[in-house]
Amino acid sequence: MIRDADSKGLKFEALADELRRGIRAGTWTAGEKLPTEQQLTDETGYSLTTVRRAFDDLVAEGVVVRRQGAGSFVAHIRPREERVRRRIGVLLPDTQLYYPRVLQGIDDSLSAAGATLQLATYRYDAKKEDAAIESLLDAGVDGLLLSPTMTEIDDPAGRADQLMRLPVPVVMVERSLIDAGPRDRTEHVCSDHRGGAYDAVQHLAALGHQRIALLMRERTPTGPAILSGYRHAIQELGLAPDLEFTQPKVAWEADSAQGAFEQLRVLEATAALVFGDREATLLQGAIRRGGLTVPGDIALVSYDDEVADLAEVPLSAVAPPKYRIGRMAADVLLRRLVEGDDCPLHQIRLRPRIVIRRSCGATAPE
């Protein structure tokens, strides 16, 4: 539990530092009883005087409280150095649809820790991205929560490395390298979009569908992961392959998804995973105008669950945990700021859930 002390420093200072690190890392949480002075003496080989002086230091800092006859406990108040009012820079592509819930999670976490938030957006314009980051750094932020451009660029790994070398700690939010493996040294908190797409296909397959299409729009940050999850599911479940169809976003707007519907008929698909809610809603209209029904003739699952419940036939949808992503990303960054290099690298993926509504033909749970 306690590492050997650094022989170059004073023993009581080294022990106090080890206990402090353990408290920050969560080995002992607020209100939890610490090992007794005698236990630490037996464990470390230090004298009782050395152990007592270490506790005295922690008590003086407000990290530990002594209770007469009960022992020493982790204090409920934050240590002095953690009570610094930190300013956190947040960079998002925009504040519409997907990101308000992410931002709410970030803000709730930072507010609870007494930190402030400074927001910048770049409107999915990579040229504005670096300028926005520079403006946040110039404002004196202590750390950055970034949702940068990581797809449709020549060198995503190089870009990630560049961001990780900024002069303040960086945690990426809903962004990571695709299939980088153990070379990936980014700190990130993301939805597992690959898992979400896989689960959607698996759900439709369990309803008896063998020809499940994927309808996408071009140039979306989550698109590569969704495509990967879809393809994994198609292959592993032995479903009909080559039912993928991608259109530019403008094409969905121009013809109300008529082209996508016609492609579904050509592919003889009986179900489709559609990115995202708006496109799936427009597709419903095209299906109805074509004389077919949802889910009777074509079952649909949309991706994102922002406005899926507002469709004419409410859409079953893959729902990324947006609020929790934001909250956890902020928590990771705050821990990094407190612990520095002692904090383990966090690479967190949260798997979306599927919200069952009428469009897939399944019965929603009671």
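One-based numbering along the sequence shown. Basis for what follows: all heavy atoms, side chains included, without hydrogens, waters or symmetry-related copies. Worth saying up front: this structure is predicted, and the values here are computed from it rather than measured.
- Salt bridge status for Lys322 with Glu306: present, with a side-chain N to carboxylate O gap under 4.0 Å.
- When all heavy atoms of Pro320 and Tyr98 are compared, the pair lying nearest together is CB-OH, 3.4 Å.
- Between the side chain of Glu279 and the main chain of Gly276, a donor-acceptor pair closer than 3.5 Å is present.
- At a cut-off of 3.5 Å, with distance as the only test, a side-chain donor of Glu174 or Ser191 sits close to an acceptor on the other residue.
- Side-chain atoms of Gln347 come within 3.5 Å of backbone N or O of Thr186 as a donor-acceptor pair.
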Start with the C-alpha gap between Leu350 and Ile325, add the side-chain angles, then the distance that decides, and say whether side chain to side chain contact (heavy atoms under 4.5 Å, CB included) holds. CA-CA 8 Å; Leu350 302 182; Ile325 290 288; 3.9 Å; yes
Could you walk me through whether Asp56 and Arg66 pass the salt bridge (Lys or Arg N to Asp or Glu O under 4.0 Å) test, one step at a time? CA-CA 9 Å; Asp56 287 343; Arg66 285 194 176 105; 2.8 Å; yes
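- Each of Tyr124 and Ile153 belongs to its own hydrophobic cluster when Ile, Leu, Val, Met, Phe, Trp and Tyr are linked at side-chain heavy-atom distances under 4.5 angstrom.
- Judged by distance alone, the side chains of Glu129 and Thr149 do bring a donor and an acceptor atom under 3.5 Å apart.
- Grouping the Ile, Leu, Val, Met, Phe, Trp and Tyr side chains by contacts below 4.5 angstrom, directly or via other members, places Leu48 apart from Tyr46.
- Using a 4.0 Å cut-off between charged side-chain N and carboxylate O, Asp57 and Arg53 make no salt bridge.
- Residues Met150 and Arg159 meet the side-chain proximity criterion, which asks for heavy atoms closer than 4.5 Å.
- Checked options Arg231, Gln263, Met216; the residue passing with Glu244 is Arg231 (criterion: side chain to side chain contact (heavy atoms under 4.5 Å, CB included)).
- Taking the ring axis of Phe275 as reference, the NZ or CZ atom of Arg217 does not stay both within 45° of it and closer than 6.0 Å to the ring centre.
- The shortest side-chain heavy-atom distance between Ile106 and Tyr323 does not fall under the 4.5 Å cut-off.
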Hey, mind stepping through Tyr303 and Asp277 against side-chain hydrogen bond (donor to acceptor under 3.5 Å, both in side chains) and telling me if it holds? CA-CA 6 Å; Tyr303 205 100; Asp277 296 345; over 6 Å; no
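- Between atom CG of residue Leu97 and atom CZ of residue Arg278 there is a gap of 10.0 Å, rounded to the nearest 0.5 Å.
- A distance-only check finds no donor-acceptor pair linking the side chain of Ser228 to the backbone of Pro224 [under 3.5 Å].
- Within the 4.5 Å cutoff, no side-chain heavy atoms of Glu37 are placed close to those of Leu40.
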Could you walk me through whether Leu237 and Ile212 satisfy the side chain to side chain contact (heavy atoms under 4.5 Å, CB included) test, starting with their C-alpha distance in whole Å, then the side-chain angles of each, then the deciding distance to 0.1 Å, before giving a yes or no? CA-CA 11 Å; Leu237 299 174; Ile212 303 170; over 6 Å; no
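- For the residue pair Ser109 / Asp331, a side-chain donor-acceptor distance below 3.5 Å is found, with atom types taken as modelled.
- Linking ILVMFWY residues whenever their side-chain heavy atoms come closer than 4.5 Å, directly or via other members, places Leu110 and Leu333 in the same cluster.
- Contact between Pro295 and Cys360 at its shortest, heavy atoms only, is CB-C, 3.9 Å.
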Report the C-alpha separation of Asp108 and Arg327 in whole Å, then their side-chain angles, then the decisive distance to 0.1 Å, and conclude whether the side chain to side chain contact (heavy atoms under 4.5 Å, CB included) test is met. CA-CA 7 Å; Asp108 285 352; Arg327 183 136 200 167; 3.5 Å; yes
Side chain to side chain contact (heavy atoms under 4.5 Å, CB included) between Leu214 and Ile234: does it pass, once the steps are laid out? CA-CA 10 Å; Leu214 173 67; Ile234 293 298; over 6 Å; no
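- With hydrogens and angles disregarded, a donor-acceptor distance shorter than 3.5 Å links the side chain of Arg87 to the backbone of Ala139.
- A 4.5 Å side-chain heavy-atom check between Val301 and Leu315 finds every atom pair outside the cut-off.
- A side-chain donor-acceptor contact under 3.5 Å links Arg336 to the backbone of Gly340.
- Using a 4.5 Å cut-off on side-chain heavy atoms (C-beta onward), Leu337 and Arg86 make contact.
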Going through the distances and angles, do Asp94 and Thr121 end up as a side-chain hydrogen bond (donor to acceptor under 3.5 Å, both in side chains)? CA-CA 5 Å; Asp94 60 39; Thr121 60; over 6 Å; no
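- For the pair Arg288 and Glu312, the salt-bridge criterion is met [side-chain N within less than 4.0 Å of a carboxylate O].
- No more than 12 heavy atoms of other residues, nucleotides or ligands lie within 6.0 Å of CG in Asp242, so this atom counts as exposed by the packing criterion.
- In the hydrophobic cluster analysis, where Ile, Leu, Val, Met, Phe, Trp and Tyr join through side-chain heavy atoms closer than 4.5 angstrom, Val171 is grouped apart from Tyr122.
- You'll find the side chain of Val170 stays beyond 4.5 Å of the side chain of Glu187, heavy atoms only.
- Annotation: side chain of Thr29 is not in contact with side chain of Val74 (no heavy-atom distance under 4.5 Å).
- When hydrophobic clusters are built by joining Ile, Leu, Val, Met, Phe, Trp and Tyr residues whose side-chain heavy atoms come closer than 4.5 Å, directly or via intermediates, Ile354 is grouped together with Leu239.
- Among all heavy-atom pairs drawn from Gly196 and Val318, the shortest one is O-CG2, 3.8 Å.
- A donor-acceptor contact closer than 3.5 angstrom links the side chains of Thr270 and His209.
- Side-chain N or O atoms of Arg85 include one that pairs as donor or acceptor with a backbone N or O of Gly114 at under 3.5 Å.
- Checking Tyr198 against Arg194 by side-chain atom types alone, no donor-acceptor pair falls below 3.5 Å.
- The closest donor-acceptor contact from the side chain of Arg211 to the backbone of Leu267 lies under 3.5 Å.
- Looking at Thr246, its side chain never comes within 3.5 Å of a backbone N or O of Glu218 through a donor-acceptor pair.
- The two residues Val64 and Ser72 have their closest heavy-atom pair at CG1-CB, 3.8 Å.
- The shortest non-hydrogen separation linking Asp192 to Pro352 is O-CD, 3.2 Å.
- Within 6.0 Å of the CG atom in Asp155, the count of heavy atoms belonging to other residues, nucleotides or ligands exceeds 12.
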side-chain hydrogen bond (donor to acceptor under 3.5 Å, both in side chains), that's the test. Do His188 and Ser176 meet it? Break it down for me. CA-CA 7 Å; His188 56 256; Ser176 65; 4.7 Å; no
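- Checking Val332, Val173, Leu91, Leu117 one by one against Leu145, the side chain to side chain contact (heavy atoms under 4.5 Å, CB included) holds for a single residue, Val173.
- Side-chain N or O atoms of Lys33 include none that pairs as donor or acceptor with a backbone N or O of Trp28 at under 3.5 Å.
- Between the CG atom in Asp304 and the OG atom in Ser302 there is a gap of 7.5 Å [rounded to 0.5 Å].
- With contacts defined as side-chain heavy-atom distances shorter than 4.5 Å, the pair Leu119/Leu103 qualifies.
- The minimum heavy-atom distance linking Arg357 with Asp309 is given by the pair NE-CB, 3.6 Å.
- With values rounded to the nearest 0.5 angstrom, Phe261 atom CZ is found 6.5 Å from Ile287 atom CD1.
- A donor-acceptor pair under 3.5 Å is absent between the side-chain atoms of Asp17 and the main chain of Glu13, judged by distance alone.
- Dense packing is recorded around NE2 of His346, with more than 12 heavy atoms of other residues, nucleotides or ligands lying under 6.0 Å away.
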